[in-house]
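Take a look at the structure set out below.
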Amino acid sequence: MRTQVGIVGAGPAGLLLSHLLALRGIDSVVVETRSRAYCEARQRAGVLEDGSVRLLREAGLADRLDRLGLEHGGIYLQFAGERHHVDFRELTGGRTVTVYAQTEVVKDLIAKRVASGGAVHFDVVDTEVDHLTSDQPVLRFTGADGTRHEVGCDAIAGCDGFHGICREAIPPDLLTVRERGYPFAWLGILADVPPSTDELIYAHHPNGFALHSLRSPTVSRLYLQVGPDESVGAWPDDRIWDELQCRFELPGSGWRLKQGPVLDKGITPMRSFVGAPMRYGRLFLAGDAAHIVPPTGAKGLNLAMADVAVLAPALDALLHGDARPADDYSATCLRRVWRSTHFSWWMTSMLHRIPGADDMEAELQLSQLRYVVASRAAATSLAENYTGYPELPAGTNLAR
Ligand code: FAD
Ligand code: DHB
């Protein structure tokens, strides 16, 4: 087999890259260890920045997004028994975010690749990347029918997430890693119940952080801060709802969280990680393969999309003899990556209960939260970061 770009991973980064390359007339082969059904059902992120929505629209991927996506003009910050609205539209001159689940983005992308005859191989095993410093890197995998394939490529995109094989293929002395762990995790549930709020609620509470998000007018997505080593088994549905009621309680308001059947339950560890550079020879890393942020602030999916929006034109230029954009790829992406890394760390630090921390820590968090809702400058900073960074490059024209 031969292709121009071998892509490891059919998450949002790999699938979107494959589509953006196809728009430029560049063919690719995507390989994925999981099944199509698994990729389409994996519950993860839910918030798209302004720029991500625009990119999906311009790339012809927004038919369902425009019908089903829920545009939000702000969020609520809740702390010390008060709920405050941060109005993104008013603070940023009209910028918004759109609630549209990663599962739906992935479904849209797979449908588009399949409809246009794109090569996406699910259920592969033993993926290998080789000859990365040559002009003809090689991608090997064993397909679902047991056949071993070797694909000669002009470039390989490592879009295989944090636990993939591509970052590992970079000699350790050539990769600088910056990393921070957090002493807590998120327990996330999907619930078959209409949301109890019109916009997301980020709640600071002495018991720990809680987030009320949503997926549709009839399905809610909720998160609780839990211990880093807790298992889902320790959280029967009743315990989850009791804890959510407690952390979202607004004394005297009459507001109450609506409860319903739990459709999905999972625990997400929290980590900040940046590997640089995001390139080794003809291997280019994108999305979680290169960097991870804690989910507070909803940046992971948006970063993955922003990376490949830069990578597609860079690969196009490389394949046509201009190496400059590919040489700039890592530095260009890392400016946005570090901004989101800082914002996610800041949101995480401000909103979570730090195990073992004293009252001083909690007072500092509360002071910061009060400042964010009282100062227009501070609220604008949160709103600008949350909705995205138009001033940072994220790829431009879709065609050459
Ligand atoms: P992924 O979506 O991880 O896709 C990588 C793909 O590569 C996977 O399909 C994987 O199966 C495949 N793969 C791995 N190894 C191989 C191999 N050797 N060969 C072939 N294929 C391989 N972000 C938010 O903004 N909000 C959230 O609430 C949120 N929740 C999350 C919950 C979890 C459990 C996780 C893991 C992440 C969450 N994120 C969240 C982050 C967000 O979902 C990711 O940033 C986003 O999925 C990144 O997309 P990606 O394409 O880079 O990687
Ligand atoms: C969602 C996840 C997040 O991490 C976040 O900050 C907001 C929303 C969600 O899954 O809907």
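Every number for a ligand or one of its atoms is a count from 1 in the order of the listing. Computed over heavy atoms, backbone and side chain alike; hydrogens, waters and symmetry mates excluded.
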_Within-cut-off N or O pair, Ala13 and ligand 1, under 3.5 Å_ = yes

_Taking 4.0 angstrom as the limit and counting only heavy atoms of Gly300, give me the atoms of ligand 1 inside it, by number and element._
25 (O), 45 (O)

*Check: His163 N/O within less than 3.5 Å of ligand 1 N/O*: no

_Nearest-contact summary for atom 23 (N) of ligand 1 - protein heavy atom, Å_ = Ala45 CB, 3.4 Å

*Is the closest heavy atom of Phe141 to ligand 1 under 4.0 Å?*
no

*Say whether Gln43, considering both its backbone and side-chain N or O atoms, lies within less than 3.5 Å of an N or O atom on ligand 1.*
no

*Out of Arg42, Glu49, Arg44, Glu32, whose heavy atom sits nearest atom 37 (C) of ligand 1?*
Arg44

*Counting heavy atoms only, which part of Thr127 comes closer than 4.0 Å to ligand 1: side chain, backbone, both or neither?*
side chain

*Nearest heavy atom to atom 5 (C) of ligand 1 wins, so pick from Cys159, Pro12, Gly9.*
Cys159

*asked:* For His204 together with Phe209, are the ring centres under 6.0 Å from each other?
replied: no

_Within the supplied structure, the quantity of interest is the number of heavy atoms (other residues, nucleotides, ligands) at a distance under 6.0 Å from Arg180 CZ; does it exceed 12?_
no

_For Leu301, which part has a heavy atom under 4.0 Å from ligand 1: side chain, backbone, both, or neither?_
backbone

_Closest to atom 48 (C) of ligand 1 among Asp288, Ile165, Leu211 (heavy-atom distance)_ = Asp288

*Answer with side chain, backbone, both or neither: which part of Tyr223 has a heavy atom less than 4.0 angstrom from an atom of ligand 1?*
side chain

Any protein N/O atoms within less than 3.5 Å of an N/O atom in ligand 2? List the atom names and distances, or say none.
from     : atom 1 : to     : atom 2 : distance (Å)
ligand 2 : 4 (O)  : Pro295 : O      : 2.6
ligand 2 : 6 (O)  : Tyr202 : OH     : 2.6
ligand 2 : 6 (O)  : Pro295 : O      : 3.2
ligand 2 : 6 (O)  : Gly297 : N      : 3.1
ligand 2 : 6 (O)  : Ala298 : N      : 3.2
ligand 2 : 10 (O) : Arg215 : NH2    : 2.7
ligand 2 : 10 (O) : Tyr223 : OH     : 2.6
ligand 2 : 11 (O) : Ser213 : OG     : 2.6
ligand 2 : 11 (O) : Arg215 : NH1    : 2.8
ligand 2 : 11 (O) : Arg215 : NH2    : 3.4

*Region of Ala304 that comes within reach of ligand 1 [heavy atoms, distance under 4.0 Å]*: side chain

*Mind telling me whether His121 and His149 have parallel, tilted or perpendicular rings, with 30° and 60° as the class edges?*
tilted

*Are Phe88 and Tyr386 close enough that their ring centers fall under 6.0 Å?*
yes

*atom 7 (O) of ligand 1: any protein heavy atom closer than 4.0 Å*: yes

_Cation-pi, Trp255 ring and Arg83 (6.0 angstrom, 45 degrees)_ = yes

